[in-house]
A.B. asks: 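My questions will all concern the structure given below.
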2 protein chains.
Amino acid sequence: MPNNQFKRGELYSVINGMASTAVARRLQKNFRQAGLEITIEQWSVLYHLWKEDCLSQQELCNRTFRDKPSITRLIDNLEKQKLVKRTASKTDRRINLVCLTDAAKELQQLTIDLANQTMNEALIGVMKEDIETVKKVFQQVFDNLI
Amino acid sequence: MPNNQFKRGELYSVINGMASTAVARRLQKNFRQAGLEITIEQWSVLYHLWKEDCLSQQELCNRTFRDKPSITRLIDNLEKQKLVKRTASKTDRRINLVCLTDAAKELQQLTIDLANQTMNEALIGVMKEDIETVKKVFQQVFDNLI
DNA sequence: GGCATATAGTTAGTTATGCAACTAATTTCA
DNA sequence: TGAAATTAGTTGCATAACTAACTATATGCC
């Protein structure tokens, strides 16, 4: 196979491949070294709740771009760790509102610091305008595929 | 929390987040619609074997950036599907060489076409030089974190 | 030669993803 | 009003990830 046959597939592996995995592993490692017992995926849920508390599970699906079973189980685990609590909505009995506990609120600043530290480690030598280009391209890719 | 406190965390979610997931889901969907029963992860192993057949499991770990247990199980599943075959190395009895079957060789062109099609769908409206910037940034991120 | 160390691969346990099928509550509309 | 369709959430099954602990083989070195 000539090398140029796979040009866009190579970009696939760029977008979805080693760099992303490396960042995720580093962030997880930095969490662990700081004594944090949460996973990256749990963190992404908490992140949206820190921005706006007491969202429904469906709303968390939309914001984290995960499907419903994934959110169900992430919330199960976060509830076991006493970081969130399901509360029945008073206006719609189908809905669980997912609210932060005080313990979760205390984690916010530490995880922000660790995420920023991780991205600083990852972005050494990367120009600011190139970062903007990456953001722009990823937004376009997301819009193309919804 | 002021919004600008999480600037680099936002980029984290860009690199590791929704666009990557959207591309992976679309590629998987395109595989499925073409009647291909393989996962993206299995495909990534086959991809490296198409470039160079009969690699050791350790070499597949290095090239796919996965750990050893992940490769063990990916190879288990690929072997169940008769797409690869483990062969004991003659020079080092610790090593399994993973070789493609004829069935796997027949999948190569179809999956290349589907990967290219998927990336074409994803990259509508994205400029060529911006793609090069994304590749450059991701290479730098990977080098920073190894 | 033989012990210590390193390397290749497997297994076990926990967490997460995707899909399909399911229950329960709500909304639509004839 | 009441049956049909929609929405919110859960459960089951298969695949995959990470960590740690394990076996087997190979290498290094005294």
Side-chain angles (χ1 to χ4, degrees), chain A residues 16-18 20-33 36-45 54-81 83-84 86-98, chain B residues 16-18 20-33 36-45 54-81 83-84 86-98:
Chain A
N16 209 16
M18 299 200 280
S20 305
T21 306
V23 173
R25 285 181 189 164
R26 178 66 65 95
L27 182 56
Q28 186 70 68
K29 181 181 153 201
N30 287 341
F31 277 178
R32 208 165 36 239
Q33 284 185 347
L36 279 179
E37 295 287 316
I38 59 173
T39 65
I40 305 299
E41 294 81 5
Q42 291 170 358
W43 170 74
S44 79
V45 171
C54 294
L55 298 171
S56 70
Q57 293 189 198
Q58 182 58 53
E59 190 54 36
L60 284 170
C61 291
N62 300 339
R63 300 199 189 189
T64 63
F65 201 52
R66 292 184 160 79
D67 67 357
K68 291 193 293 178
S70 295
I71 290 296
T72 292
R73 277 152 195 149
L74 278 169
I75 303 301
D76 286 348
N77 284 327
L78 284 168
E79 219 170 21
K80 272 187 218 153
Q81 296 176 255
L83 293 173
V84 303
R86 284 179 170 95
T87 312
S89 163
K90 284 168 185 161
T91 56
D92 186 335
R93 289 196 298 168
R94 294 170 303 181
I95 291 179
N96 290 334
L97 295 175
V98 181
Chain B
N16 211 14
M18 299 200 280
S20 306
T21 305
V23 173
R25 286 181 191 166
R26 177 65 66 96
L27 182 56
Q28 186 70 69
K29 181 182 153 200
N30 287 341
F31 277 179
R32 209 165 35 240
Q33 284 185 347
L36 279 178
E37 294 288 316
I38 59 174
T39 65
I40 305 298
E41 294 80 5
Q42 292 170 359
W43 171 73
S44 80
V45 171
C54 294
L55 298 171
S56 72
Q57 293 190 197
Q58 182 58 53
E59 190 54 36
L60 284 170
C61 291
N62 300 339
R63 301 199 189 188
T64 64
F65 202 52
R66 291 184 162 79
D67 65 0
K68 290 195 292 178
S70 296
I71 289 296
T72 292
R73 273 149 198 152
L74 279 170
I75 303 302
D76 286 348
N77 285 327
L78 284 168
E79 220 170 21
K80 272 186 220 156
Q81 298 176 254
L83 293 173
V84 303
R86 285 179 170 94
T87 312
S89 163
K90 285 168 183 159
T91 56
D92 187 334
R93 289 197 301 166
R94 294 170 303 179
I95 292 179
N96 289 335
L97 296 175
V98 180

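Since we're looking at a predicted model, the values are computed, not measured. Naming: A, B, ... by sequence-line order, numbering from 1 per chain.
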A.B. asks: When you match A/I95 and B/R66 each to their closest nucleotide on DNA chain D, which lands nearer the 5' end?
C.D. replies: A/I95
A.B. asks: Looking only at heavy atoms, what is the nearest atom pair of A/T72 and A/Q57, with distance?
C.D. replies: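 Reported closest heavy-atom pair: OG1-NE2, 3.6 Å.
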A.B. asks: Distance check needed: D/dA20 P versus B/K68 NZ, whole Å only.
C.D. replies: 14 Å
A.B. asks: Counting any heavy atom closer than 4.0 Å, what does A/R25 reach on the DNA or RNA strands: base, sugar-phosphate only, or nothing?
C.D. replies: sugar-phosphate
A.B. asks: Without decimals, in angstroms, what is the distance between A/Q42 CD and C/dT14 P?
C.D. replies: 15 Å
A.B. asks: Measure from CD on B/Q58 to P on D/dA26 and round the result to the nearest Å.
C.D. replies: 16 Å
A.B. asks: Are side-chain N/O atoms of B/Q81 and B/N77 paired as donor and acceptor at under 3.5 Å?
C.D. replies: no
A.B. asks: By the 4.0 Å heavy-atom rule, please label B/T39 as base, sugar-phosphate, or nothing.
C.D. replies: sugar-phosphate
A.B. asks: Respond yes when some side-chain nitrogen or oxygen of A/T72 is under 4.0 Å from OP1 or OP2 of D/dG9, and no when none is.
C.D. replies: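 So the side chain of A/T72 is outside the cut-off, no N or O lying under 4.0 Å from OP1 or OP2 of D/dG9.
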A.B. asks: Return yes if the base of C/dA20 and the side-chain atoms of B/R32 contain a donor-acceptor N/O pair under 3.5 Å, otherwise no.
C.D. replies: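 No such pair is found, so the answer is no.
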A.B. asks: Of all heavy-atom pairs between B/C54 and B/L97, which one has the smallest distance, and what is that distance?
C.D. replies: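 So the two residues come closest at O-CD2, 3.7 Å.
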A.B. asks: Checking all strands, does B/R73 fall into the base, sugar-phosphate, or nothing category for heavy-atom contacts under 4.0 angstrom?
C.D. replies: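 The residue B/R73 makes base contact.
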A.B. asks: Taking atom C1' of C/dT15 as reference, at what distance in whole Å does atom CD1 of A/I75 sit?
C.D. replies: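 Rounded to whole Å, this separation is 14 Å.
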A.B. asks: Remember a base hit wins even if backbone is also touched, and classify A/Q28 as base, sugar-phosphate or nothing at under 4.0 Å, heavy atoms.
C.D. replies: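 Touches nothing.
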A.B. asks: Is a donor-acceptor pair below 3.5 Å formed from side chain B/R94 to base C/dT7, judging by atom type as modelled?
C.D. replies: yes
A.B. asks: OP1, OP2 of C/dG9 versus side-chain N and O of B/Q57: anything below 4.0 Å?
C.D. replies: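 Indeed not, no polar side-chain atom of B/Q57 lies that close.
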A.B. asks: Starting from P on D/dA17, measure out to CG on B/D76 and report it in whole angstrom.
C.D. replies: 13 Å
A.B. asks: Quick one: B/L60 CG to C/dA8 C1', roughly how many Å, whole number?
C.D. replies: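 Whole-Å distance recorded here is 13 Å.
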A.B. asks: Using whole Å, report how far NZ of A/K80 lies from C1' of C/dT15.
C.D. replies: 9 Å
A.B. asks: Under 4.0 Å from OP1 or OP2 of D/dA16: is there any side-chain N or O of B/N77 that close?
C.D. replies: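 Result: yes.
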A.B. asks: Report the distance from atom CD1 of B/I38 to atom CG of B/L83, rounding to the nearest 0.5 Å.
C.D. replies: 7.0 Å
A.B. asks: Is the shortest side-chain N/O distance from A/R86 to OP1 or OP2 of D/dG9 below 4.0 Å?
C.D. replies: no
A.B. asks: Using a heavy-atom cut-off of 4.0 Å across all strands, would you classify B/L74 as base, sugar-phosphate, or nothing?
C.D. replies: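 Counting heavy atoms under 4.0 Å across all strands, the contact made by B/L74 is with sugar-phosphate only.
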A.B. asks: Rounded to the nearest 0.5 Å, what separation is found between the CZ atom of B/R25 and the CE atom of B/M18?
C.D. replies: 10.5 Å
A.B. asks: Toward the 5' end of DNA chain C, which comes first, A/D92 or B/P69, by nearest nucleotide?
C.D. replies: B/P69
A.B. asks: What are the two closest heavy atoms between B/I95 and B/S56, and how far apart are they?
C.D. replies: CG2-CB, 3.7 Å
A.B. asks: Whole angstrom is fine here: how far is it from CD in B/E79 over to P in C/dG9?
C.D. replies: 13 Å
A.B. asks: May I ask you to say what B/D67 touches in the nucleic acid, namely base, sugar-phosphate or nothing, with a heavy-atom cut-off under 4.0 Å?
C.D. replies: base
A.B. asks: OP1, OP2 of C/dA16 versus side-chain N and O of A/S70: anything below 4.0 Å?
C.D. replies: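 Checking C/dA16 against A/S70, no side-chain N or O comes under 4.0 Å of OP1 or OP2.
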